[in-house]
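Here is the naming used below: chain letters follow the sequence lines, and residue numbers restart at 1 for every chain.
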Amino acid sequence: MRYASVVVDVPAKGTDKLFDYEIPNKFAGVIQPGMRVIVPFGSRKLTGFVVQLKNETDIDSVKPIHSLFDPEPVLNHELLELGAWLSETTLCYKITAFQAMLPAAMKTRYIKEIKPSSSAQLEDLPEEIRTAFEKGGPLSWEDLPSSLVAVVQKEIRNGNLQIDYRVEQKQKKRLVKYVKPLLPVRELEEQLQHLPARAHKQKEVIQFFIDHPNPILLTELTNSIQGASIAVKALIKKGILTEEQVEIYRDPYEHKQFPRTKPLPLTDEQKRAMEPILDKLNRHEHEVFLMYGVTGSGKTEIYLQAIEKVLNEGKEAIVLVPEISLTPQMVQRFKSRFGSQVAVLHSGLSSGEKFDEWRKIYRKEAKLVVGARSAIFAPFQNIGIIIIDEEHETSYKQEESPRYHARDVAIYRGKYHQCPVILGSATPTLESFARAQKGVYTLLTLKERVNRRPLPEVHIVDMREELRNGNRSMFSRTLFEKLTDRLKKGEQSVLLLNKRGYSSFVMCRNCGHVIGCPHCDISLTYHRHGEKLKCHYCQFETAMPSRCPECGSEHIRFFGTGTQRIEEELNRLIPEARVIRMDVDTTSRKGMHEKLLNAFGEKKADILLGTQMIAKGLDFPDVTLVGVLSADTMLHLPDFRSGEKTFQLLTQVSGRAGRHELPGEVVIQTYTPEHYSIQLASLHDFETFYRQEMKMRKSFAYPPYYFLILITVSHPNAIKAAEVTEKIGQYLKLHLSNEAQILGPVSSPIPKMKDRYRFQCMIKYKREKNLYKTLKLLFEHYEEDMSQTDLKLMIDLNPYTIL
DNA sequence: AGCACGCCGACT
DNA sequence: GTCGGCGTGCTC
């Protein structure tokens, strides 16, 4: 093959196509589809993905491929096709789709350097440039002092300097510094005498090496001797110590022990659910199963046994778990059963760790991947089963381009590999449950908890009533009594604060002014750490003012109910209770999540207080009480799924109580106790909830009866944004069928973000033959506007949050 | 995206 | 007459 078609690394409209390059003789037979190559592109060098090889090209001025970037293809045939499909169905650039399938560490970095051209006489160069070169090799364009820019440009024109474009992989090999003495102990003792009297630190370091003459990690050394790194540097200079960079293999779980577990005996119900899966596995056929099983019904054991069968046949398995429930407990269950065959991918890993886990999969050292959304792109060749646990979780939908849903990708891959896909949940999405009702998916039902433990008893507390009775605290009397009761019995409680829509904004109690972000139309959130106000949408942050910027009053304070405030109130009401608080603030540091959960598991605390992150997957035997402090905070969000989300959250969190010997109880505090989402969650009645919610969806033409598309238009000028949105609405009315409903334009729920005004319109449709074509045409129609006037168009097919 | 090319005003 | 501002259009 003489030519290669390449998708170049420029995410833009004009470059979202294939560019043909000649394959130089030296690469003949080496270059294959799925490989990344470095190609000349205009005056630069870029990486690109080879997508096909061919013997003909229509282009008359083909350039040759410069070099290989990977020794082997990084995307196999299936993933190349999947990328093309993703870019079509989510309307993203091909390069964006390809990049989404690789770990971030494999993204490329472009370096622009200035160096003397081969023909240049160094003496001809101006003094200031020559000295810069003498100091240290080529100059990077980025940190060229602005005073030199003009001179450099002139010399480039004169042909004395040239720009060198280099391509590098962002991934850094993990290097650690080891320090060791260059001299034997005897000589070290001698050196100790020769050091200046005031070099205390250096003496301390040498003494350390006299006691322990072996190489030591620099970080470990600085742990035992504070500020040792400066002394070490000095000692290296003196030739007493030496340092060594060693590349280490990153294994986030290397120090963990995972006792092996054996398959548990299945209940009759589990066996019945297992059968159709095994049948499909044996026949090597594709099928989507919706496994609807109440919390604690043993879904995971079914996953484990199905996976075991797949692995025994020499095939691979993918298990997706929502990010927040990718807890150590969950990972442990898989590692314990399958040991080193498991690769784990989640956001808690560093990009290098993710890269190494990815390579384990690529090199077939791992046969099973357990991971968050993007793990669906694991580079396996022979997948035997794909499992999506907690199928209803919104984190499976990516909110940036490519706006894909992991479930759709899973089904695509399941078809390709002719293998079953299992969607598991105690509270399936209405979309999936409706498909199961229609027979598109096969429904598997688990109604009983393993060992027949009853579901916990749920009490709904009307907080309006509490207020009328003079209780103004965040804790109802019922909840308070039950909390103190658990404390007496030595049992544990979990308290959930549903923080969404409740963030702690800052308001002036005198004039009612709320401090907002100057760039985005939302209120700033108070962070106690450093007394700061931060914007959730842009990076803006500012100090907490002591006076109201509007009226100058000192009565300005943060409102809303953060976990911190609850913790304070808890400490006041029940001072003897030991509380662990889990929220973004306390878990942002790496490993804290695990640490806090372990502490709770070891009963170092009586109450676990947290946000959504504690709702899922936790399994502690002594938790007998779950309290939901305010069930309706998300019920009133302007989102048609708010009822569904409330039902899901309440059901999930209730499932945390009484999972073992001790029976559990749940207290739900709410201001709208009559709402069906809350009522039915308290009765653990998903099926009635499903029917009720489906009626609502039908009458308002929402999914699953209709599909949605959200088009968001943003522009620095509000009028322009509104105008364009209006025109888009008209355009769509003209080009889509009469069956489609076009709503809007309306101001986006976040009307202004990063100094851009946002308007949106929504399309509801059932079937549209020319949908993708029309949307693509829409993009082209506004192309000039987009480049000329800084207009941005965002199209989200099947949006998950319309917020 | 980034870069070259090209056309206009400001200045040595 | 040259330098440098940014609008325009292309990149195999």
Side-chain angles (χ1 to χ4, degrees), chain A residues 1-25 27-28 31-33 35-69 80 84 87 91-100 104 107-115 117 126 140-144 146-159 161-168 170 400-402 714 716 754 779-794:
Chain A
M1 296 286 179
R2 296 188 52 203
Y3 303 103
S5 296
V6 174
V7 174
V8 293
D9 186 15
V10 182
K13 188 99 224 308
T15 48
D16 187 35
K17 53 176 183 165
L18 303 184
F19 288 86
D20 289 349
Y21 286 90
E22 194 184 277
I23 300 176
N25 281 336
F27 296 138
I31 287 179
Q32 294 161 55
M35 248 183 206
R36 290 181 301 173
V37 288
I38 298 176
V39 292
F41 196 67
S43 54
R44 316 178 269 167
K45 266 185 234 136
L46 294 177
T47 51
F49 289 79
V50 174
V51 293
Q52 55 172 308
L53 303 181
K54 52 190 195 176
N55 271 320
E56 309 282 322
T57 181
D58 304 332
I59 308 298
D60 17 70
S61 60
V62 273
K63 291 183 185 173
I65 287 174
H66 173 271
S67 56
L68 302 185
F69 192 61
L80 278 175
S87 72
L91 300 174
C92 73
Y93 305 125
K94 292 173 188 59
I95 190 68
T96 311
F98 288 148
Q99 245 141 25
K107 279 219 187 96
T108 42
R109 206 156 80 104
Y110 298 98
I111 299 152
K112 241 168 96 180
E113 277 175 348
I114 306 147
K115 61 175 196 186
S117 54
S140 100
W141 179 265
E142 270 69 38
D143 33 71
L144 186 71
S146 52
S147 56
L148 286 181
V149 171
V151 202
V152 166
Q153 283 178 332
K154 196 176 152 205
E155 290 305 323
I156 290 172
R157 251 172 282 141
N158 291 346
L161 291 179
Q162 67 179 43
I163 293 183
D164 192 27
Y165 294 89
R166 275 188 22 238
V167 187
E168 262 179 22
K170 271 195 182 146
E400 303 126 47
S401 183
S714 73
K754 296 180 186 166
F779 258 121
E780 273 156 40
H781 202 260
Y782 285 96
E783 210 185 328
E784 328 141 49
D785 250 11
M786 288 168 52
S787 58
Q788 277 172 22
T789 69
D790 198 17
L791 181 83
K792 274 187 188 140
L793 262 186
M794 248 164 42

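By the side chain to side chain donor-acceptor pair (under 3.5 Å) test, A:S140 pairs with A:D143, sequence neighbours left out. For A:T47, the side chain to side chain donor-acceptor pair (under 3.5 Å) partners at least two apart in sequence or on another chain are A:T108, A:Y110. Considering only residues two or more places apart in sequence or on other chains, A:E168 meets the salt bridge (Lys or Arg N to Asp or Glu O under 4.0 Å) condition with A:R109, A:R166. By the side chain to side chain contact (heavy atoms under 4.5 Å, CB included) test, A:A84 pairs with no residue at all, sequence neighbours left out. Qualifying salt bridge (Lys or Arg N to Asp or Glu O under 4.0 Å) partners for A:K17, counting only residues two or more places apart in sequence or in other chains: none. Considering only residues two or more places apart in sequence or on other chains, A:S87 meets the side chain to side chain contact (heavy atoms under 4.5 Å, CB included) condition with A:C92, A:K94, A:A97.
Applying the ring-ring contact (aromatic ring centres under 6.0 Å, His included) rule to pairs touching residues 43-68 of chain A yields A:F49-A:F98, sequence neighbours excluded. The salt bridge (Lys or Arg N to Asp or Glu O under 4.0 Å) contacts involving residues 35-55 of chain A comprise A:D20-A:K54, A:R36-A:D70, where partners must be two or more places apart or lie in separate chains. Within the structure, salt bridge (Lys or Arg N to Asp or Glu O under 4.0 Å) contacts touching residues 3-14 of chain A (residues at least two apart or in different chains) are A:K13-A:E780.
Counting any heavy atom pair closer than 4.0 Å across all strands shown, A:Y21 reaches sugar-phosphate atoms only and no base atom. Using a 4.0 Å heavy-atom criterion, one finds that A:Y110 contacts no nucleic acid atom at all. Nucleic acid contact for A:K112: sugar-phosphate only, since backbone atoms but no base atoms lie under 4.0 Å from a heavy atom of the residue.
The interatomic distance linking A:D9 (CG) with B:dA1 (P) rounds to 12 Å, in whole Å. What separates NZ of A:K17 from C1' of B:dA1 is a distance of 15 Å, to the nearest Å.
Residues A:P40 and A:Y165 fail the side-chain proximity criterion, which asks for heavy atoms closer than 4.5 Å.
With a cutoff of under 4.0 Å to any heavy atom of chain A, the contacted region of DNA chain C is bounded 5' to 3' by C:dT11 to C:dC12.
The stretch residues 52-69 of chain A does not touch DNA chain B, since none of its heavy atoms comes less than 4.0 Å from the strand. Residues from residues 42-50 of chain A with heavy atoms under 4.0 angstrom of DNA chain C, sorted by number: A:G42.
Remark: A:Y165 is not in phosphate contact with B:dG2, judged by side-chain N or O atoms under 4.0 Å from OP1 or OP2.
With A:V7 as the fixed residue, the side chain to side chain contact (heavy atoms under 4.5 Å, CB included) test singles out one of A:D16, A:T15, A:V51: A:V51.
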